[in-house]
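Structure, as structure tokens:
Everything quoted here is computed from the prediction, not taken from an experiment.
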Amino acid sequence: MVIYVCNLCGYEYKASEGCPDSGIDPNTEFEDLPEDWVCPLCGAGKEEFEETQVADDDKDGEDY
């Protein structure tokens, strides 16, 4: 799974979760975030985020 990590504070944006505190619905891809969206923790702009590949551990042991 691909997430986007803020280079300044480490906040992880996951499209599957969105960013409810910023009014961003789940399943909103990072590329589809408004250009003026900022990190909810430190206020950094999208340009401060780095794409990162991580293991898909969001399944919580459920069988699919």
- Task: Provide the closest heavy-atom pair for Tyr11 versus Cys19 in the form atom of the first, atom of the second, distance.
- Result: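 So the minimum-distance heavy-atom pair works out to OH-SG, 3.6 Å.
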
Which atom pairs, donor and acceptor, lie under 3.5 Å between side-chain atoms of residues 24-43 and protein residues at least two apart or in another chain?
{"residue": "Thr28", "atom": "OG1", "partner": "Asp25", "partner atom": "O", "Å": "2.7"}
{"residue": "Glu31", "atom": "OE2", "partner": "Tyr4", "partner atom": "OH", "Å": "2.7"}

- Note on the structure: side chain to side chain donor-acceptor pair (under 3.5 Å) pairs touching residues 38-50, sequence neighbours excluded, are none

- Message: If hydrophobic clusters are built from ILVMFWY residues whose side chains come within less than 4.5 Å, do Val5 and Met1 share one?
- Response: yes

